[in-house]
Amino acid sequence: MPAIDESDGRFLRLRSLLYVPADRERFVAGAAGRGADAVILDLEDGVAESAKPAARSALAAAVSQAGSAGARVFVRINSRLAHAAADVEAAVRAGADGLFVPKTDDPQWPRLIAERAGEVEREVGRPEGWTRLVPMIESLRGLDRRAEIAAATPRNLALVCGGEDLSAEIGADPAAEVMRLAKLQILMAARAAGLTAFGLMGSLAGIDDLDALRRAAEEAARQGFEGASCIHPAQVAVLNRAFTPDEAAVEHARRVVAALQPGQGTAKVDGRMVDAPVVARARRVLARAGVAESG
């Protein structure tokens, strides 16, 4: 499946993915109006162990509520097997668009999640493959097996680097310059498998420093990431702007696409040679901007 999933319009643009604890009814109710392209209902780190059963049960209403204004809705399941199977069932029954799969350090794990998702889809009459997966690589073992994880199942939509967990295992600071190599390795593995990648060149911990977030997101966009998760509503607009090409980039992309006619190998735009890879990049810019090629 392509990185920008033209076969399924649900995933054409996911610039901002807002985490919301699934057991916090007030936060879930407000999530739909925050302008995020996607809401991630969290059953894992954002929910206390004692509250996990209640949070899981809340998905029946929370998924539709969080998506009521058009946002895609994902559920971050738990990594412990004792919770994961029940999390998958509840999320699929509720109609979630996909699952974030934390602590993925082996390709067999997303395969097992995919198998269970398919079973529940058949039980409820949902189209096969509806529920997409986003494996989260958060360990050195997962980083080492990133290519296998990316190719583990056709349900995979994207990869994510869990920078906080990974840096803790390394014994390093999660700063951008420390984690850059690992994040780019995960990005490349995702692209090689036809997936996208979500991420920032920095940490989400500094909730109030929106200027730092902007810089981290703009660098991530330049590197090829198409969106990122966030943990506070104030961060949503920053991500939406950073991961949306500006007017100059859009206009240039339109000229590039228009310049190369069928049967042509190359063309010239603004004094530079244009060929098929340049056109492919321009089409991705237009898709990220949400505009038509001839618009």
Side-chain angles (χ1 to χ4, degrees), residues 1-20 22 28 31-32 36-44 55-79 81 83-104 107-137 148-160 190-191 193-198 226-229 287-288 290:
M1 294 180 178
I4 295 179
D5 191 3
E6 295 171 353
S7 68
D8 191 335
R10 292 180 295 160
F11 306 113
L12 282 174
R13 284 211 301 173
L14 295 176
R15 303 162 299 175
S16 54
L17 301 98
L18 176 63
Y19 272 106
V20 178
V28 172
D37 292 332
V39 175
I40 306 172
L41 297 173
D42 191 15
L43 298 177
E44 195 210 16
R56 185 184 304 125
S57 298
L59 292 180
V63 168
S64 59
Q65 190 172 33
S68 61
R72 299 299 97 206
V73 181
F74 293 84
V75 173
R76 180 165 72 167
I77 65 173
N78 285 280
S79 58
L81 187 59
H83 291 300
D87 292 347
V88 173
E89 178 170 0
V92 175
R93 287 188 180 279
D97 292 290
L99 308 171
F100 272 60
V101 185
K103 312 297 190 292
T104 301
Q108 186 59 22
W109 185 231
R111 290 188 194 115
L112 290 172
I113 299 300
E115 182 178 351
R116 183 59 185 140
E119 291 171 350
V120 181
E121 285 171 348
R122 288 188 290 274
E123 290 172 12
V124 301
R126 189 159 290 117
E128 181 76 18
W130 173 271
T131 313
R132 303 297 294 275
L133 304 185
V134 181
M136 303 179 71
I137 296 176
E148 297 173 75
I149 291 168
T153 167
R155 289 181 184 269
N156 280 350
L157 172 71
L159 295 183
V160 168
R191 291 297 192 209
L195 312 180
T196 189
F198 302 130
E226 291 181 4
S229 59
R288 285 176 52 206

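Please read all numbers here as calculations on a predicted model, not as lab measurements. Below, all heavy atoms of this structure are taken into account, side chains as well, without hydrogens, waters or symmetry copies.
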Trace of the side chain to side chain contact (heavy atoms under 4.5 Å, CB included) decision for E226 with L14 | CA-CA 7 Å; E226 291 181 4; L14 295 176; over 6 Å; no
How would you list, by chain and number, every residue that makes a side-chain contact (heavy atoms from CB on, under 4.5 Å) with [X], sequence neighbours excluded?
| X | value |
| --- | --- |
| A91 | L59, V75, A96, L99 |
| T153 | P110, A114, L133, R155, N156 |
| A55 | A22, D23, L43, V47 |

Calculate, to the nearest 0.5 Å, the distance between atoms CZ and CG belonging to R56 and L41 respectively.
->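 R56 CZ to L41 CG: 14.0 Å, rounded to 0.5 Å.
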From CZ (R72) to CG (L12), nearest 0.5 Å |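 Result: 10.0 Å between the selected atoms.
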Pair R111 + E148, salt bridge at N-O below 4.0 Å = no
May I ask you to decide whether R13 forms a salt bridge with D37, counting only side-chain N to carboxylate O separations under 4.0 Å?
-> no
Heavy-atom closest contact (I149 atom, P107 atom, distance) |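 The answer is CG1-N, 3.9 Å.
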Qualifying residues under side chain to side chain donor-acceptor pair (under 3.5 Å), relative to [X], sequence neighbours excluded:
| X | value |
| --- | --- |
| R126 | none |
| T104 | none |
| N78 | K52, D87 |

Is the side chain of E121 donor-acceptor paired with the backbone N or O of W130 at a distance under 3.5 Å, no angle test?
-> yes
Is the F198 ring parallel, tilted or perpendicular to the F100 ring (thresholds 30°, 60°)?
-> parallel
